[in-house]
**Q** 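Okay, here's the structure, questions in a sec.
A note on names: the letters A, B, ... follow the listed sequences, proteins ahead of strands, and every chain is numbered from 1.
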Number of protein chains: 2
Amino acid sequence: MKPTIYDVAEQAGVSIATVSKVVNRNGKISEQTRERITKIMADMGYFPNLVASALSSKKTYMIGLLLPDISNPYFAELARHIEDRAQELGYNIVICSTDNRMDKESEYLTFLQQKGVDGIMLSTGLANPQSLELLLERKLPIVLISREVPQTAVNTVIVDDYMGGYLATSHLLQLGHRDIAIIVESMDLASSRGRLKGYRSALQEYEIPYLEQWVTVSEFTIASGMEAAGRLMDGPGRPTALFACNDLLAIGTIQAARARGIAVPDQLSVVGFDNTFLATLIDPSLTTVGQPILELGRQAVDLLHKEMIGDGQAKQRIVLLPELVVRSSTASIPH
Amino acid sequence: MKPTIYDVAEQAGVSIATVSKVVNRNGKISEQTRERITKIMADMGYFPNLVASALSSKKTYMIGLLLPDISNPYFAELARHIEDRAQELGYNIVICSTDNRMDKESEYLTFLQQKGVDGIMLSTGLANPQSLELLLERKLPIVLISREVPQTAVNTVIVDDYMGGYLATSHLLQLGHRDIAIIVESMDLASSRGRLKGYRSALQEYEIPYLEQWVTVSEFTIASGMEAAGRLMDGPGRPTALFACNDLLAIGTIQAARARGIAVPDQLSVVGFDNTFLATLIDPSLTTVGQPILELGRQAVDLLHKEMIGDGQAKQRIVLLPELVVRSSTASIPH
DNA sequence: AATATAGAGTTAAGCGCTTTCCCCTATTCA
DNA sequence: TGAATAGGGGAAAGCGCTTAACTCTATATT
């Protein structure tokens with residue numbers, strides 16, 4: 001049977017309190033006994049039972065990570081960085097793919113709370129403000145990452161979507177494009193609205209009118225990006241450039257263009273968003289707005305950590321700045 | 001404060017044992033009290049504390065998932081299917097990216113055991129037989145998925161690598177290729193050895209000699225695939241076809257070819273392995289050996305589940321069969 | 001009529017830790 | 001010399017649940 005703290009205590013001829021203090025390096029223990037007990041623990045192959053420890057200390061050292069879909073490369077990368085940083089701080093990650101569905105989201109949230117996770121990291125688009133409020137009431141540490149929920153006082157780490165949209169569109173404008181379409185993920189997402197706003201701002205700066213007909217809403221997949229881009233291309237007055245609000249959609253766009261014999265970037269410039277590894281994989285390689293995914297993950301974990309250990313200053317919103325990464329999917333408009 | 005089982009019991013005027021039985025739907029409780037208590041629980045917003053429950057029942061309803069890297073699309077997809085099935089059965093997944101490093105692997109394994117996970121799913125290449133033995137000794141349910149560890153009596157769900165290698169190579173041979181190179185992931189992996197064996201078998205069947213010079217070992221990334229493929233192409237006597245042991249390597253190969261002005265598939269046919277979504281994304285779309293990833297995930301979870309609930313028959317090894325998916329990266333050799 | 005049995009609950013002993021007091025001894029200080 | 005104090009360790013009360021064993025009725029069995 002696995003040895004418990006009692007076995008160790010007995011073996012060492014001390015109380016379990018003493019052993020506990022050795023394990024947790026707190027309380028006053030002489031150097032000798034500490035070493036003696038440490039050795040005994042090693043000999044017996046003793047490891048503290050973290051479930052029991054969690055029950056009395058209220059700390060499970062687990063973080064719940066809710067995101068739309070772990071098999072989406074953007075979120076997979078993000079998850080990886082979150083996992084790495086969490087591991088450094090001694091936490092494990094429980095993944096929860098919600099598919100942006102409210103029912104899954106609440107189901108997972110209930111579960112996670114029951115399991116006593118120390119904190120929750122939420123990257124799930126349509127985060128239900130109601131369930132969010134509930135969590136906040138329960139004082140459960142939360143950090144929103146990559147997707148924010150406006151009008152809610154909760155720690156948040158995001159990238160400046162407005163600026164991203166602006167950068168992408170300005171780049172196209174500078175290349176001489178005037179007929180620029182945009183595909184957004186979903187108007188329910190604050191991030192989409194921000195990117196769209198950046199798009200409009202850039203247009204305005206160049207005194208180009210904003211046309212509803214060039215704004216398309218799509219799902220999160222390559223296939224639906226293809227379909228949405230197809231609609232734009234087959235419509236009247238084809239755009240010469242297209243800004244897709246994530247790399248998946250941009251890739252769908254390139255594929256749609258290819259299917260129609262429209263050359264990228266010669267006949268159509270395409271800009272993506274996220275700068276996942278897919279961007280360098282597609283041909284032509286994708287010009288895209290780069291998110292500092294690593295930073296995003298690390299900072300979010302650090303913020304959550306602070307809240308979890310009760311180093312809770314005021315809530316904050318950290319906004320990281322995106323960067324345009326120019327590759328081969330954009331070109332100046334032929335005169 | 002969050003209500004506990006005591007609060008509910010008091011409110012209902014019964015003992016906590018009764019409440020516990022209502023929660024767990026076991027024991028003998030009259031329909032009336034059951035309903036009454038259920039209502040009280042709902043009114044109070046009571047949810048059982050699963051940490052406490054875990055301490056006494058020894059069940060955490062958590063599964064540890066060890067894999068090389070969650071940001072690798074193959075493993076991300078696999079993880080997603082595992083997560084989905086686990087969720088259906090009431091389990092959560094703790095992800096652990098090991099980078100195929102033994103130190104990370106053991107660190108995570110220790111952690112997971114301390115946290116009392118009910119089972120472990122291992123998809124981590126070089127699984128250290130020693131730590132594996134240790135887990136088996138402790139009677140911790142384990143399932144190996146996608147990567148097997150030979151000579152160890154442990155439940156395993158894999159795909160038939162030998163057959164996959166054979167299918168890929170035969171396809172190329174049928175297209176008339178005779179100079180066929182292969183890039184494997186790492187000779188430490190049983191899967192690599194299996195695929196290589198299939199490659200040899202197919203060659204033998206066509207009475208083509210097996211040449212060491214056409215076997216290259218690479219890492220798991222696109223970049224290293226590019227580099228490995230480059231070595232092959234720049235060497236003397238360029239192959240007319242190449243079998244890459246995963247899609248990432250195949251994509252690296254296509255990029256390496258592109259960089260050298262070698263046309264795929266006209267001057268070089270390329271076959272991948274895994275059939276991740278990347279295969280349809282690259283241009284030309286990739287002919288690849290398709291793994292039934294969904295089935296792999298589901299079966300592995302089901303097998304683990306059986307072991308966890310003690311429905312433990314003999315250990316088994318489930319081998320799923322791969323399927324060749326022909327796309328545009330292969331063509332018959334020009335006469 | 002006496003006994004067995006099934007039904008509905010209760011009691012209480014854990015599960016393996018953490019943590020707050022508390023105690024004892026040895027040293028230090030005035 | 002007596003009191004204060006610091007150091008090292010222990011006792012015991014939880015943490016919130018599960019579960020074996022038990023009690024008490026009410027009904028069925030022979």
**Q** Would you mind telling me which of dG10(D), dG9(C), dG16(D) lies closest to the side-chain atoms of I29(B)?
**A** dG9(C)
**Q** If the condition is side-chain contact (heavy atoms from CB on, under 4.5 Å), which residues does I29(A) pass it with, not counting sequence neighbours?
**A** T18(A), K21(A), V22(A), T33(A), R34(A)
**Q** L134(A): which residues meet the side-chain contact (heavy atoms from CB on, under 4.5 Å) condition with it, sequence neighbours left out?
**A** none
**Q** Step by step, work out the salt bridge (Lys or Arg N to Asp or Glu O under 4.0 Å) result for R85(A) and E88(A).
**A** CA-CA 5 Å; R85(A) 182 60 181 154; E88(A) 282 174 30; 2.5 Å; yes
**Q** Taking only side-chain N and O atoms of S30(A), does any of them lie within less than 4.0 angstrom of OP1 or OP2 on dG8(D)?
**A** no
**Q** Between the opening five pairs and the closing five pairs of the helix from dA1(C)-dT30(D) to dA30(C)-dT1(D), how far apart are the helix axes, to 10°?
**A** 40°
**Q** Does a donor on one side chain sit under 3.5 Å from an acceptor on the other, for S97(B) and E83(A)?
**A** yes
**Q** Under 3.5 Å, which protein N or O atoms sit close to an N or O of nucleotides 17-21 of chain D? Give each pair with its distance.
**A**
residue: dC17(D); atom: OP1; partner: Y46(B); partner atom: OH; Å: 2.7
residue: dC17(D); atom: OP1; partner: N49(B); partner atom: N; Å: 2.9
residue: dC17(D); atom: OP2; partner: I5(B); partner atom: N; Å: 2.3
residue: dC17(D); atom: O2; partner: S56(B); partner atom: OG; Å: 3.2
residue: dC17(D); atom: N4; partner: Y6(B); partner atom: OH; Å: 3.1
residue: dT18(D); atom: OP1; partner: N24(B); partner atom: OD1; Å: 3.3
residue: dT18(D); atom: OP1; partner: N24(B); partner atom: ND2; Å: 3.0
residue: dT18(D); atom: OP2; partner: S20(B); partner atom: OG; Å: 2.5
residue: dT18(D); atom: OP2; partner: N24(B); partner atom: ND2; Å: 3.2
residue: dT18(D); atom: O4'; partner: S56(B); partner atom: OG; Å: 2.8

**Q** Mind running side-chain contact (heavy atoms from CB on, under 4.5 Å) on C96(B) and F111(B) for me, showing each step along the way?
**A** CA-CA 10 Å; C96(B) 310; F111(B) 246 94; over 6 Å; no
**Q** Between G13(B) and K58(B), which is nearer to the 5' end of DNA chain C once each is assigned its nearest nucleotide?
**A** G13(B)
**Q** Which pairs of donor and acceptor atoms, one on a side chain in residues 46-54 of chain A, lie under 3.5 Å apart (sequence neighbours left out)?
**A**
residue: N49(A); atom: OD1; partner: V51(A); partner atom: N; Å: 2.7
residue: N49(A); atom: OD1; partner: A52(A); partner atom: N; Å: 3.1

**Q** Which residues pass the side-chain contact (heavy atoms from CB on, under 4.5 Å) test with D118(B), not counting sequence neighbours?
**A** K59(B), T60(B), Y61(B), Y91(B), M308(B)
**Q** Could you go through T124(A) and R147(A), starting from their C-alpha distance and side-chain angles, then the distance that decides it, and tell me whether this counts as side-chain contact (heavy atoms from CB on, under 4.5 Å)?
**A** CA-CA 7 Å; T124(A) 179; R147(A) 304 262 186 259; over 6 Å; no
